[in-house]
Amino acid sequence: MKLLKILAAVALTVSISSAQDVMQKSMNIMEQGMSEIQKGFLNNSVELIKSGTAKVREGNKLFSDKKVIAQYLPENKKHMVNIAENAAQRIQLDANVLELNLENNAYIDAANAYSDMMNACARCHSIVRSW
C-alpha cells in the first residue's frame with residue numbers, strides 16, 4: 001500500500017513537471033516567434049514574419065491541449081482552463097489571418113493580426129497569471 005502511494009506521488013510529480021516543461025517550451029517558442037514577427041515588420045522582411053508565424057504556431061500547438069493547460073494551472077486557477085484554451089484558438093486564428101494578409105500584400109491588416117495575437121497573449125497572462 002505504501003509503495004502504491006509513493007508510485008502515485010511520483011507519477012503526479014512527473015506529470016506536473018512534464019506539463020511545466022511543455023508550458024515553458026511553448027512560451028519560449030512563441031516568444032521567439034513573436035519577436036521575429038515584430039522584427040520582420042520593423043525591417044520590411046516578409047520572410048521573417050512568416051518564419052516567426054510558423055514558430056508561434058509551433059509553440060501554440062504545444063500548449064493548446066486542455067489537459068496540459070489544466071496540469072500547469074495552480075489549483076485555484078484550474079477553472080480558467082477555458083480562457084487559456086480560447087487564447088490559443090485566437091492565436092491560431094490570428095496566425096492564419098496574418099499569413100492571408102501577407103499573401104495579399106495587406107501589411108496593415110497583417111500587423112493588426114499580429115497586434116491581436118499579442119493581445120490574446122496578454123489577456124490570458126493577465127487573467128490566468130494575475131498580472
Side-chain angles (χ1 to χ4, degrees):
M1 187 67 173
K2 201 175 195 180
L3 180 61
L4 186 59
K5 287 182 182 178
I6 291 172
L7 288 175
V10 168
L12 180 63
T13 302
V14 168
S15 71
I16 290 172
S17 174
S18 174
Q20 187 75 6
D21 291 346
V22 168
M23 188 278 304
Q24 287 176 337
K25 183 177 180 181
S26 170
M27 295 299 147
N28 284 337
I29 293 170
M30 289 201 323
E31 182 273 327
Q32 291 170 6
M34 294 297 282
S35 294
E36 259 184 49
I37 293 168
Q38 183 175 10
K39 196 179 289 185
F41 279 116
L42 293 173
N43 295 305
N44 298 326
S45 173
V46 172
E47 290 310 311
L48 259 180
I49 297 169
K50 286 181 180 180
S51 68
T53 303
K55 284 181 183 171
V56 168
R57 275 201 175 101
E58 176 189 349
N60 191 45
K61 193 174 194 176
L62 290 173
F63 202 60
S64 295
D65 182 3
K66 235 178 175 175
K67 290 177 185 175
V68 173
I69 296 169
Q71 286 179 342
Y72 164 72
L73 294 174
E75 212 44 56
N76 64 339
K77 303 269 180 135
K78 294 223 185 273
H79 63 283
M80 296 183 175
V81 71
N82 289 334
I83 293 169
E85 183 186 36
N86 288 341
Q89 290 173 356
R90 186 172 156 194
I91 290 166
Q92 180 61 39
L93 177 64
D94 287 329
N96 293 342
V97 170
L98 191 154
E99 284 191 333
L100 286 172
N101 284 310
L102 282 181
E103 288 173 14
N104 293 320
N105 298 324
Y107 300 112
I108 298 296
D109 292 335
N112 287 335
Y114 166 75
S115 179
D116 193 64
M117 200 182 301
M118 181 64 79
N119 287 334
C121 295
R123 182 176 189 276
C124 183
H125 287 209
S126 69
I127 293 170
V128 177
R129 294 184 180 183
S130 300
W131 276 10

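Note that these values count all heavy atoms, side chains included, but never hydrogens, waters or copies made by symmetry.
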* Asked: Is there a chain of hydrophobic side chains (I, L, V, M, F, W, Y, each step under 4.5 Å between heavy atoms) that links Phe41 to Leu48?
  -> no

* Asked: What distance separates Met80 CE from Asn86 CG, expressed to the nearest 0.5 Å?
  -> 13.0 Å

* Asked: What's the spacing between Asp116 CG and Cys121 SG if we round to 0.5 Å?
  -> 10.0 Å

* Asked: Does NZ in Lys61 sit with more than 12 non-hydrogen atoms of other residues, nucleotides or ligands closer than 6.0 Å?
  -> no

* Asked: Going from OG on Ser26 to CG on Asp65, what distance comes out if it is rounded to the nearest 0.5 angstrom?
  -> 11.5 Å

* Any chance you could measure Glu36, atom CD, to Glu47, atom CD, to the nearest 0.5 Å? => 11.0 Å

* Structure fact -> CD of Glu103 to NZ of Lys50, rounded to nearest 0.5 Å, is 6.5 Å

* Does a sphere of radius 6.0 Å around CD1 in Ile108 hold more than 12 heavy atoms from other residues, nucleotides or ligands, not counting ones at 6.0 Å or beyond? -> no

* Can you check side chain to side chain donor-acceptor pair (under 3.5 Å) on Asn105 and Tyr107, steps first, answer last? -> CA-CA 6 Å; Asn105 298 324; Tyr107 300 112; 2.9 Å; yes

* Separation of Ile91 CD1 from Thr53 OG1 (nearest 0.5 Å) -> 12.0 Å

* To do: Using a 4.5 Å cut-off on heavy atoms from C-beta on, say whether the side chain of Ile83 contacts that of Arg123.
  => yes

* Asked: When you check the side-chain N and O atoms of Asn112 and Tyr114, is any donor under 3.5 Å from an acceptor?
  -> no

* Asked: Should Met30 and Asn60 be marked as a side-chain contact (heavy atoms from CB on, under 4.5 Å) after you check the CA-CA gap, both sets of side-chain angles, and the distance that decides it?
  -> CA-CA 7 Å; Met30 289 201 323; Asn60 191 45; 3.5 Å; yes

* **Which atom of Ile29 lies closest to which atom of Glu58, heavy atoms considered** => CD1-OE2, 3.6 Å

* Asked: Do the side chain of Ser115 and the main chain of Ala111 share a donor and acceptor less than 3.5 angstrom apart?
  -> no

* Smallest separation among heavy atoms of Leu102 and Ala110, with atom names -> CD2-CB, 4.1 Å

Quiz: residues 93-101 side-chain donor-acceptor pairs under 3.5 angstrom, not counting sequence neighbours:
unit_1, atom_1, unit_2, atom_2, d
Asp94, OD2, Met117, N, 3.2
Asn96, OD1, Arg57, NH2, 2.4
Asn96, OD1, Gln92, NE2, 3.4
Glu99, OE1, Arg57, NH1, 2.9
Glu99, OE1, Arg57, NH2, 3.4
Glu99, OE2, Arg57, NH1, 3.3
Asn101, ND2, Val97, O, 3.0

* To do: May I have the step-by-step check of side-chain contact (heavy atoms from CB on, under 4.5 Å) for Met118 and Gln38, ending in yes or no?
  => CA-CA 10 Å; Met118 181 64 79; Gln38 183 175 10; 5.6 Å; no

* To do: Could you tell me whether Lys39 atom NZ has more than 12 heavy atoms of other residues or ligands within 6.0 Å of it?
  => no

* Heavy-atom distance under 4.5 Å between the side chains of Met23 and Val68, does that happen here? -> no

* Structure fact -> In short, Ala87 meets Cys124 closest at the heavy-atom pair CB-CB, 3.7 Å

* Structure fact -> Lys66 and Val81 have their tightest heavy-atom pair at O-CG2, 3.6 Å

